[in-house]
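Before any comments, here is the structure.
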2 protein chains.
Amino acid sequence: MAEPIDERKQRVLKAVIDDYIETAEPVGSRTLARKYDLGVSPATIRNEMADLEMLGYLEHLHTSSGRVPSSKGYRFYVDGLIPPKPVSDEEKVLIDRWYNARVKRIDEVFQETAHIISQVTKNVSLVLAPQLNQAKFRCLQFLPLDDYRVITVLMTDAGFIENKIIEMPSGATFEDFQRMAKVINANLAGHTLDTIQHHALAEIRDEISDEPLYESALEIIHRALDTGKKERLYLGGTTQMLDQPEFHDVEKVKETLMMLEEEELIKDILYAHMGDGLEVTIGQENEDKHFKDSSIITATYHLDGELLGTIAVLGPTRMEYAKAMSLLEYMNSNLTNVIKRFHW
Amino acid sequence: MAEPIDERKQRVLKAVIDDYIETAEPVGSRTLARKYDLGVSPATIRNEMADLEMLGYLEHLHTSSGRVPSSKGYRFYVDGLIPPKPVSDEEKVLIDRWYNARVKRIDEVFQETAHIISQVTKNVSLVLAPQLNQAKFRCLQFLPLDDYRVITVLMTDAGFIENKIIEMPSGATFEDFQRMAKVINANLAGHTLDTIQHHALAEIRDEISDEPLYESALEIIHRALDTGKKERLYLGGTTQMLDQPEFHDVEKVKETLMMLEEEELIKDILYAHMGDGLEVTIGQENEDKHFKDSSIITATYHLDGELLGTIAVLGPTRMEYAKAMSLLEYMNSNLTNVIKRFHW
DNA sequence: AGTTAGCACTCACCATATAAGAGTGCTAAC
DNA sequence: GTTAGCACTCTTATATGGTGAGTGCTAACT
C-alpha cells in the first residue's frame with residue numbers, strides 16, 4: 001500500500017483536482033484527456049485513476065460518474081502539487097485602497113479584513129480579533145461626567161481603547177478617582193488585564209487601603225478593567241458562499257448559516273487550529289463532524305512578536321487552496337501593518 | 001366600486017388571510033369551509049371570494065388554484081381585521097432576561113434588540129442606531145497618551161461616548177489641549193455635532209485665536225468630533241428567514257441577502273418610513289421595486305422626546321402582522337428604557 | 001509490458017405522458 | 001339568497017423511455 005505514486009499519477013491527480021475545483025463536477029477520463037495535455041489516451045487515464053482510487057486519493061460516488069478527490073487526495077495536492085499563486089499586484093493595490101477607503105475605527109479593520117478575504121476567495125472568512133483580557137494594561141484614566149458619575153477610559157499596550165460609565169459611590173469625589181488612577185497606572189502597567197483582574201489587583205490593596213472608600217474603589221477598578229472575556233469574531237462572505245454550487249440546496253445553506261452563528265463553536269475551531277503560520281485542515285481531518293466536508297485554512301497575525309489573533313477561510317473541500325493560502329499569508333502580514341499604522 | 005364589504009365578506013377575507021399567513025398556500029373555498037366556522041357552504045364562499053377578487057382584495061394566480069391576498073387585502077386586514085395580539089408576559093420576561101444576560105456595551109443593545117425581534121417574529125429585523133452627528137454635544141475631554149499623542153473622548157447628551165487617538169501638532173503641549181477643551185465645553189454644549197462641525201466651530205474662533213496653534217487646533221477639534229456620518233445599522237434573523245417557505249429557492253435567498261447588504265438602500269427605506277409611531281407598509285405600497293412582495297413594519301424610539309432611531313421588521317407580505325406590530329411597540333418603549341438604564 | 005481501441009453496462013438527467021387532487025365557475029334546484 | 005352538482009383547469013407526483021457521460025474489462029497494438 002505504501003506504493004509511491006509516480007510522476008504520471010501525480011499529473012493525473014493534479015488534473016483531476018484542478019478540474020474538480022474548477023467545475024464542481026465529478027471528472028471523467030474522457031474530459032480529462034481532452035482538457036489537459038496528459039499525452040495519453042482516456043483508457044490509460046482510466047487505469048491510473050483506478051489505481052489512485054485504490055490508494056485512497058480519489059473516490060467514486062456511483063459505479064458510473066467520474067471521480068472526486070478524497071481528503072487524502074486534497075492533502076497530497078496541498079502539500080506538494082499546488083503551484084504557488086501569489087496575490088497579484090493589482091489585487092494588492094485593490095486591497096490597500098479598500099482598507100484606506102473604509103477603515104475609520106479599529107473594529108472596522110477586522111470587519112474589512114473579513115470582507116476582503118471573502119470577496120477574493122468567494123468563501124466564508126473568519127477573523128478573530130485580539131482577546132482584550134490578554135492585552136497588556138497601559139493606563140486607566142477617569143473623566144468627570146457629572147456629580148454622580150465618571151467615565152473610565154482604559155487603554156492597552158496594543159492601542160485599544162475602551163470606555164465605560166461608572167457611578168461614583170456616595171461620598172467619593174473626582175479627586176479620589178484621580179488619586180486611584182495614579183496608583184494604578186504606576187503599579188500595574190504592563191500586566192495583562194487578566195492578571196490584574198485575578199491577582200495583581202490585590203498588590204495595590206496596601207497602597208490604597210488608607211483611602212476612605214477603598215472597597216468600592218477596588219470594585220470600580222474591577223469593573224473598569226472588565227472588558228468581557230470574549231474577543232470578537234468577524235464573519236464575511238456568508239452571501240458570497242451561495243455562489244458555490246455546494247449551496248444549491250437551501251437546507252445546506254440553513255445548516256451552514258446556523259453553524260456560523262454558533263460563535264463559541266467557531267472560536268473553538270479557530271483556537272484548535274491556532275498554530276504558527278499557515279495551517280490547512282481538509283475535510284475528514286476536521287474533528288467536528290459538521291465540518292467533515294469543509295476545509296479550513298487558518299493564519300495567525302502578530303504584533304511585536306505577540307500573537308494577536310487568527311484569520312481564516314472556511315469553504316467546501318473543493319476550494320481554491322492556492323489562492324486562499326497566499327491571500328491569507330498576505331493579509332496576515334498586512335493586518336499587522338494596518339493595526340500598527342492605525343494605532344501607533 | 002365603492003361597494004362597502006359587508007360583515008360576512010370581512011369574515012371570509014379574514015379567514016383567507018389568516019389561513020394564508022399560516023400555511024403559505026393559496027386557499028380554496030373547500031378548505032376554508034372545513035377549517036373555519038363560517039356557517040355557509042363552499043359554494044357561497046366561492047361567490048364571496050369572487051366578489052372580493054373583483055374588489056381587489058384577493059388575487060388569482062391561475063384559473064384553478066385558490067386565492068391569495070393582495071396588498072389591498074392585507075391593508076384592509078391590518079387596518080381593521082387584526083385581533084390585537086399583545087406580547088405575552090412570558091415573552092416579556094424572556095426578553096428582559098435576554099437583555100440582561102448579553103448586553104454589556106451600548107452597541108450590544110442594538111445588536112441584541114435586532115436579535116430578539118428576529119427570534120420572535122422569525123423574520124429579518126432592522127435596527128437603526130442613533131445618528132451620532134445629530135446628537136447633542138455634551139463635552140470633549142483630552143487625555144495624554146504619550147509625548148506625541150492624546151486620546152480624545154467625545155460625549156453626547158444621550159450618553160454615547162467615542163474616542164480617538166490624535167497626534168499633537170509639533171510644539172503643542174497637553175496643557176494647550178486642556179485649555180481648548182475648556183473653551184469648547186463652555187461654548188458648544190447643547191449643539192448638535194453636525195452644527196458644530198459646520199457652523200458653531202467658527203464661533204469659538206475668536207476665543208482661541210490667540211492660541212499659538214489655533215489653526216491646527218480647529219483641525220483637531222474637527223477630527224475629534226467627526227463621528228462619521230453613518231449611524232449604524234444592525235440586522236438580525238437573516239438565518240431565521242430561511243424557515244419561511246418564501247425562501248425555498250436559493251436564488252431568492254441570494255437576492256434578498258445581497259439586498260440586505262446594501263446598507264444605504266436599507267437605511268433610505270427606513271428613513272422614508274420614519275414617521276411617528278408604528279407604520280406598516282405592505283407589498284405594492286413600497287416604492288422600491290425590490291420590496292414589491294415584502295412588507296415592512298417600522299417603529300421609532302425616542303429618548304427625552306428626541307427621535308433616536310428606528311426598529312423594523314422586514315418579511316414577506318404574508319407575515320404575522322399582529323405579532324410583529326405589538327412586538328415592535330413593546331420593543332420600542334423597551335429600547336428607550338434599556339438605553340436609559342444603560343447610560344443614565 | 002505498457003498503451004490503446006472497442007464494447008457492454010451503469011447511472012444520472014431530461015422530457016414526455018399519465019393519473020390524481022384541489023379548486024374554480026356556472027347552472028339549476030332548493 | 002344559498003347550495004349541490006358537474007365540467008373544466010391547472011399543479012403535482014409518478015412512471016417511462018431515450019440520451020450522454022462514464023466505467024471496467026478484454027483483446028489487440030507497439
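These numbers come from the heavy atoms of this one structure, side chains and all, not from hydrogens, waters or symmetry mates. Just so we're on the same page: letters track the sequence lines, and every chain starts at 1.
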Any N/O pairs under 3.5 Å between the protein and nucleotides 12-17 of chain C? List them or say none.
unit_1: C/dA12; atom_1: OP1; unit_2: A/H62; atom_2: NE2; d: 3.0

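Straight-line distance from the CG atom of B/D51 to the C1' atom of C/dT24: 14 Å, rounded to whole Å. C/dA22 atom P lies 15 Å from atom CE of B/M49, rounded to whole Å. Rounded to whole angstrom, the span from the NE2 atom of A/H60 across to the P atom of C/dT10 amounts to 14 Å. Residue A/I45 contributes atom CD1, which lies 15 Å from atom C1' of D/dG24 at whole-angstrom precision. As rounded to whole Å, 12 Å separates atom C1' of D/dG1 from atom NZ of B/K9. D/dT23 atom P lies 10 Å from atom CD of A/E53, rounded to whole Å. Put simply, CD on B/E48 is 17 Å from C1' on C/dG23, counting in whole angstrom units. Rounded to whole Å, the distance from CG on A/N47 to P on C/dT3 is 9 Å.
The pairing partner recorded for C/dC30 is D/dG1, the criterion being a Watson-Crick or G-U wobble arrangement whose two distances lie under 3.5 angstrom. In this structure, C/dA5 and D/dT26 make a Watson-Crick or G-U wobble pair, each of the two defining distances being under 3.5 angstrom.
A/S294 is listed as a side-chain neighbour of A/L314, based on a closest heavy-atom distance under 4.5 Å.
Each of C/dT3, D/dT23, C/dT24 was ranked by its minimum atom distance to the side chain of A/R8; first place goes to C/dT3.
The aromatic rings of A/W98 and A/H115 lie perpendicular to each other, with more than 60° between the two planes, well past the 30° mark.
A/E246 pairs in a salt bridge (Lys or Arg N to Asp or Glu O under 4.0 Å) with only one of the listed residues (A/K252, A/K122, A/R318), which is A/R318. Just one of A/L58, A/L32, A/V68 meets the side chain to side chain contact (heavy atoms under 4.5 Å, CB included) condition when paired with A/V27; it is A/L32. Checking B/T281, B/D268, B/T298 one by one against B/H273, the side-chain hydrogen bond (donor to acceptor under 3.5 Å, both in side chains) holds for a single residue, B/T281. For the side chain to side chain contact (heavy atoms under 4.5 Å, CB included) criterion with A/N123, the lone passing option out of A/V313, A/D243, A/I117 is A/V313.
Put simply, A/R46 has no side-chain N or O that comes within less than 4.0 Å of OP1 or OP2 on C/dA5. Between B/R67 and the phosphate of C/dA22, there is no side-chain N or O to OP1/OP2 separation shorter than 4.0 Å.
Checking B/Y321 against B/S295 by side-chain atom types alone, a donor-acceptor pair falls below 3.5 Å. No side-chain N or O of B/D18 forms a donor-acceptor pair with one of B/Y36 less than 3.5 Å apart.
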**OP:** Start with the C-alpha gap between B/T239 and A/E261, add the side-chain angles, then the distance that decides, and say whether side chain to side chain donor-acceptor pair (under 3.5 Å) holds.
**Re:** CA-CA 9 Å; B/T239 307; A/E261 279 184 1; 2.7 Å; yes

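Near DNA chain C, defined here as any heavy-atom distance below 4.0 Å, the residues from residues 19-44 of chain B are B/G28, B/S29, B/R30, B/T31, listed numerically.
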